[in-house]
Amino acid sequence: MIKDYFINTVEQALQEAIKSNKVGQMSEYEKGTLVVEKPKNPDFGDFAINVSSLARVAHIAPPMIANAIVAEISDTENAYSVVGGFINFKAGKKLLSNLVGEVFKKRENFGKPENINSEKILLEYISANPTGPFHIGHGRWAAMGSVLANLLKFYGHDVYQEFYINDAGSQIKKLGNSLAIRIRQELGEKVDFPTDEVERKNYYPGDYLVPVAKKYLSENPQLKNIDNIDVKTLSDYAKLEMEKLQRALLDNFRVHFDRFYSELDLHKSGKVEKCVDLLRKSGKIYEKDGAEWFRSSDYDDDQDRVIKKADGSNTYLTADIAYHADKFDRGFDRLINIWGADHHGYIPRVKASLEALGYDSTKLEVLLGQLVNLVINGNEVRMGKRKNMVTLDDLIEEVGVDATRFWMTMRNIDTTLDFDIELAKTNSDENPVFYVQYAHARCCSILRHVVSEQVNAETGEKTKAPMSENELKALIDGFTPDVVLPTLETAKKLVLKLEEYKSMIKTSAENRQVYTICRYVQELASEFHSFYNANRVISDDKQMMSARIALVWAVKTVLYNALEGLLAVDAPERM
RNA sequence: GCCCUGGUAGCUCAGCUGGAUAGAGCGACCGCCUUCUAAGCGGUAGGUCAAGAGUUCGAAUCUCUUCCAGGGUACCA
């Protein structure tokens with residue numbers, strides 16, 4: 001609102017200046033050329049617009065343009081100044097107090113943009129094999145994906161979250177084979193996983209199947225040997241158990257999918273075969289070495305890909321193509337996938353196939369995420385498919401859901417994430433999660449304190465609460481912007497930070513970047529802690545107290561919205 | 001070889017659609033609790049933005065080359 005006010009004022013003044021021929025050869029202004037930014041040095045002002053971009057059209061020096069524009073501005077409530085090609089702006093009390101008023105009015109909807117072009121979005125993330133527990137990397141996609149879903153929904157999109165279960169390939173057979181070995185071991189047979197380099201790749205040697213084997217035996221107590229049991233039976237059993245495990249974890253991790261889409265069901269539905277037919281009809285399929293190849297190199301891919309193997313079965317890619325086509329067929333305007341960087345090679349293939357099938361592949365956005373390194377006692381532990389795998393379950397149990405979600409979200413998706421377990425566990429300002437939560441708890445503490453009777457620490461003498469419950473309620477429910485005027489002089493930075501929430505939401509949602517929410521919330525917490533230390537909220541000055549209480553309430557509300565509403569991290573009232 | 005990410009303060013990272021003196025947190029050092037949570041705040045020190053060249057009035061940001069790190073390069077999933 002403050003930013004909008006500033007740019008509108010400047011644009012209007014520019015139109016006036018153009019009309020009266022004061023900006024050189026400029027004959028019209030194209031909206032959107034000028035952007036509001038934050039001055040690097042706060043002494044310049046709260047916001048600034050650089051008019052240098054107009055110099056090309058106007059053919060006069062930027063400072064002259066800036067001066068010509070400011071000369072047309074008649075607003076006296078806010079301050080404008082020109083330095084070089086910049087028009088600097090200092091917000092007056094009216095704009096600031098109105099902003100706080102907006103928080104009171106909109107509450108949980110503060111920051112939600114208006115008039116956006118709402119899309120029906122399918123967001124796919126994690127999509128792991130049901131062959132074992134999640135590893136730490138999955139945790140990053142889980143946290144980022146669910147936060148992105150919350151953010152895009154808040155922004156105004158219609159978001160459908162989906163988890164694609166890769167339950168159709170050979171790895172399911174491996175799972176069954178592995179369970180068979182675990183069951184034999186439980187039955188007392190002297191068997192173990194093969195040690196042979198090649199053979200061992202057909203098994204999952206992790207011990208997570210031991211409890212599954214035990215469970216299977218307890219349900220089939222008469223079983224003495226499993227020679228007659230079909231591997232598929234064991235595969236299906238283990239798969240179901242793994243899925244249960246994964247879903248329980250997701251639930252606990254506050255990640256909620258609208259649908260778990262089974263690859264196996266996709267095959268059974270005939271959609272994969274239908275997709276192969278459509279590709280054949282597109283004329284982009286040819287035969288070579290007994291297999292059918294898709295001419296993806298006609299698009300952006302660097303080589304062609306096998307769509308049907310020589311043995312007649314489909315590749316993983318084939319099913320994935322059918323899956324993405326099905327997403328479009330279900331009527332989604334936009335597909336967003338979060339994939340690990342190790343899948344980046346897949347993007348050109350899938351996009352090529354979608355083009356060949358007649359879909360608009362630019363509607364598919366793939367967010368590539370770099371992987372996660374675990375840092376334990378200052379030492380990096382590389383993840384990946386090593387034997388000493390730390391599972392996501394272990395991590396969450398160690399550091400908690402809040403810290404795990406926050407840490408997994410707080411870095412740009414393009415950078416490898418160093419997850420420092422020790423730091424994530426600390427309860428101090430070294431740990432950003434606690435720092436932010438503490439700010440929220442502090443706000444709550446003040447709001448509690450102001451309606452509690454005061455006790456003198458030395459004499460034990462009690463005096464009545466600075467505000468009654470009713471007075472507080474009346475202040476919050478009947479808030480008018482002028483209430484906050486007395487404190488604006490000392491709280492300007494805090495109010496401007498509240499204003500920033502709106503642009504943060506906008507850019508985060510539009511760029512699909514969730515780490516910015518974490519940064520914002522840390523900055524708001526920091527501004528609040530500063531405010532808290534510099535200003536006493538509860539005091540004998542009734543007007544000042546009301547003003548500050550209102551501001552504290554506004555800060556609390558925004559922190560709560562960001563933490564609970566977007567990040568799905570607990571905003572505690574006490575710590 | 002080719003493709004994708006990174007390389008910015010001791011550490012972890014912002015900034016990258018070109019623009020005002022390169023920012024934050026942690027760590028280090030110096031201060032601040034008779035008052036609403038010191039799990040906090042204020043301050044100081046710390047940088048050839050990997051290297052080189054180019055484009056530009058202007059480059060951490062764009063282009064090219066080189067070096068370093070991670071990932072990928074299957075008729076696996």
Side-chain angles (χ1 to χ4, degrees), chain A residues 35 37 39-41 43-44 48 50 52-53 55 62 83-86 88 127-129 131 166-172 174 201 263 288-293 301-303 305-320 340-348 368-371 373 375 378 382 384 410-420 423 426-432 434-435 437-439 441-450 452 454 456-458 466 515-516 519 522-523 525-526 528-539 545 548-549 552 574-575:
Chain A
V35 284
E37 53 189 272
K40 296 222 166 124
N41 182 341
D43 290 343
F44 285 121
N50 185 352
S52 302
S53 55
V83 181
F86 287 88
N88 295 311
S127 296
N129 298 329
T131 54
N166 298 141
D167 55 359
S170 57
Q171 78 276 17
I172 295 299
K174 285 205 262 178
K201 284 183 181 158
E263 183 188 347
K288 193 179 93 183
D289 305 331
E292 288 184 65
W293 294 70
D301 203 0
D302 45 19
Q303 56 174 288
R305 308 290 167 179
V306 170
I307 229 69
K308 201 167 264 298
K309 303 183 214 169
D311 67 5
S313 65
N314 295 313
T315 60
Y316 173 78
L317 174 67
T318 317
D320 216 17
D342 51 341
H343 284 76
H344 94 268
Y346 254 78
I347 300 173
L368 274 189
Q370 296 297 313
L371 307 177
N373 292 324
V375 177
R382 291 222 180 284
M410 71 192 232
R411 296 290 179 228
N412 191 323
I413 195 165
D414 283 339
T415 80
T416 315
L417 176 70
D418 281 339
F419 196 114
D420 189 323
L423 223 50
T426 342
N427 294 5
S428 77
D429 55 1
E430 289 170 68
N431 186 354
F434 279 84
Y435 182 81
Q437 289 180 319
Y438 183 55
R442 246 185 178 173
C443 290
C444 293
S445 169
I446 295 170
L447 295 171
R448 268 197 312 271
H449 200 84
V450 76
S452 311
Q454 314 285 296
N456 187 306
E458 282 170 18
Y515 74 92
T516 37
R519 292 188 71 81
Q522 290 177 70
E523 286 165 11
S526 169
F528 173 71
H529 286 310
S530 299
F531 168 80
Y532 174 92
N533 272 270
N535 306 281
R536 207 174 151 75
V537 175
I538 296 169
S539 70
M545 181 167 73
R548 291 185 174 150
I549 284 289
V552 168
R574 298 169 197 271
M575 288 174 77

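Heavy-atom basis, side chains included; hydrogens, waters and symmetry copies ignored. Residue numbering restarts at 1 for every chain, and letters A, B, ... go by the order of the sequence lines. Bear in mind that the values here come from a model prediction, so they are computed numbers and not experimental data.
Residue-level contact check: A:Asp414 touches the backbone only, with heavy atoms under 4.0 Å from sugar-phosphate atoms and none from bases. Looking at heavy-atom distances under 4.0 Å, A:Ser170 makes contact with sugar-phosphate atoms alone, never a base. Among the protein residues, A:Arg305 comes within range of no part of the nucleic acid, since none of its heavy atoms lies under 4.0 Å from any strand. A:Ala341 comes within contact range of the sugar-phosphate backbone alone, with a heavy-atom separation under 4.0 Å but no base atom that close. Within the 4.0 angstrom heavy-atom criterion, no nucleotide atom of any strand lies near A:Asp167. Within the 4.0 angstrom heavy-atom criterion, no nucleotide atom of any strand lies near A:Ile172. Note on A:Asp289: a base of the nucleic acid sits closer than 4.0 angstrom, heavy atoms only. Looking at heavy-atom distances under 4.0 Å, A:Ala48 makes contact with a base.
Rounded to whole Å, the separation between the C1' atoms of B:rG23 and B:rC30 comes to 23 Å. Comparing the C1' positions of B:rG27 and B:rG10 gives a spacing of 8 Å, expressed to the nearest Å. A distance of about 47 Å separates the C1' atoms of B:rA74 and B:rU56, rounded to the whole Å. Nucleotides B:rA60 and B:rA9 place their P atoms 15 Å apart, quoted to the nearest Å. Nucleotides B:rA24 and B:rC67, compared at atom C1', are 29 Å apart to the nearest Å. Between B:rG18 and B:rU12, the distance separating the two C1' atoms is 27 Å to the nearest Å.
For B:rG42, the OP1/OP2 oxygens have a side-chain nitrogen or oxygen of A:Ser530 closer than 4.0 Å. Contact between the side-chain N/O atoms of A:Arg411 and the OP1/OP2 oxygens of B:rA14 is not found at any separation under 4.0 Å. The side chain of A:Lys309 contributes an N or O atom lying less than 4.0 Å from OP1 or OP2 of B:rA77. Phosphate contact (OP1/OP2 of B:rC76, side-chain N/O of A:Lys174, threshold under 4.0 Å): absent. Side-chain N/O atoms of A:Tyr515 include one lying less than 4.0 angstrom from OP1 or OP2 on B:rG15. Put simply, A:Tyr435 has no side-chain N or O that comes within less than 4.0 Å of OP1 or OP2 on B:rC26.
Of the listed nucleotides (B:rU37, B:rA20, B:rC75), B:rC75 has the atom at the smallest distance from the side chain of A:Val306. The side chain of A:Trp293 sits closest to B:rC75 out of B:rG71, B:rC75, B:rA77. The side chain of A:Thr315 has B:rC75 as its nearest neighbour among B:rA20, B:rC36, B:rC75. Out of B:rG40, B:rC75, B:rC4, the shortest distance to the side chain of A:His344 is found at B:rC4. For A:Leu371, the listed nucleotide lying nearest its side chain is B:rG71; candidates were B:rG71, B:rA14, B:rC36. Listed nucleotides B:rA77, B:rU21, B:rU37 differ in distance to A:Phe44; the shortest reach to its side chain belongs to B:rU21. Side chain of A:Gln370, nearest nucleotide from B:rC3, B:rC75, B:rU5: B:rU5. Looking at the side chain of A:His449, the nearest of the listed nucleotides B:rA39, B:rC36, B:rG15 is B:rC36. Taking only side-chain atoms of A:Gln303, from C-beta outward, the nucleotide of B:rC13, B:rU37, B:rU73 with the closest atom is B:rU73. The side chain of A:Ile538 has B:rC36 as its nearest neighbour among B:rG71, B:rC36, B:rG19.
Spacing between atom CG of A:Asn412 and atom C1' of B:rG25 amounts to 17 Å, rounded to whole angstrom units. The distance between atom CZ of A:Arg519 and atom P of B:rG25, rounded to the nearest whole Å, is 10 Å. Straight-line distance from the CG atom of A:Asp342 to the P atom of B:rG72: 6 Å, rounded to whole Å. If you measure from atom CD of A:Glu37 to atom P of B:rC16, you get 11 Å, rounded to the nearest angstrom. With rounding to whole Å, A:Tyr316 atom OH is found 16 Å from B:rC75 atom C1'. Per the geometry, CE belonging to A:Met410 stands 10 Å off P belonging to B:rA14, to the nearest Å. Atom CG in A:Asn373 sits about 16 Å away from atom P in B:rG6, given to the nearest Å. A:Asn431 has its CG atom 13 Å from the C1' atom of B:rU12, to the nearest Å.
The line from SG of A:Cys443 to CZ of A:Arg448 is 11.0 Å long, rounded to the nearest 0.5 Å. Put simply, OG1 on A:Thr131 and CD on A:Gln171 are 6.0 Å apart, with the number rounded to the nearest 0.5 Å. With values rounded to the nearest 0.5 angstrom, A:Met410 atom CE is found 7.5 Å from A:Leu417 atom CG.
At a cut-off of 3.5 angstrom, the base of B:rA77 holds at least one donor-acceptor pair with the side chain of A:Tyr346. Within 3.5 Å, a donor on the side chain of A:Asn88 pairs with an acceptor on the base of B:rA20, or the reverse.
Under a cutoff of 6.0 Å and an axis angle of 45°, A:Arg442 and A:Tyr532 form a cation-pi pair.
Looking at A:Tyr515 and A:Ile413, their side chains never come closer than 4.5 Å, going by heavy atoms from C-beta outward. Looking only at side-chain heavy atoms (C-beta outward), A:Asn373 and A:Asp418 come within less than 4.5 Å of each other. Using a 4.5 Å heavy-atom cutoff, the side chains of A:Glu37 and A:Phe86 are in contact. The shortest distance between side-chain heavy atoms of A:Met545 and A:Ile538 falls below 4.5 Å.
Base orientation at B:rC30 is anti, since its O4'-C1' glycosidic dihedral falls outside 90° of 0.
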Let me have RNA chain B in dot-bracket notation, would you? Count Watson-Crick plus G-U wobble pairs, both distances under 3.5 Å, and use [ ] for pairs crossing earlier ones and | for inter-strand partners.
-> ((((((((.[[[[.)...(...]]]].(((((.......))))).....[[[[[..)....]]]]])))))))....
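Of the possible donor and acceptor atoms, one in the side chain of A:Arg548 sits under 3.5 Å from a partner among the backbone N and O of A:Arg536.
Screening A:Asp320, A:Thr315, A:Asn314 against A:Thr318 for a side-chain hydrogen bond (donor to acceptor under 3.5 Å, both in side chains) leaves a single residue, A:Thr315.
Across every non-hydrogen atom of A:Arg305 and A:Asp302, the tightest pair is NH2-OD1, 3.2 Å.
Summary of the strand contacts: A:Arg442 and A:Ser526 both lie near RNA chain B, and taking for each the nucleotide with the nearest heavy atom, the more 5' one is attributed to A:Arg442. For the pair A:Ala168 and A:His529, both in contact range of RNA chain B, the more 5′-proximal nearest nucleotide belongs to A:His529.
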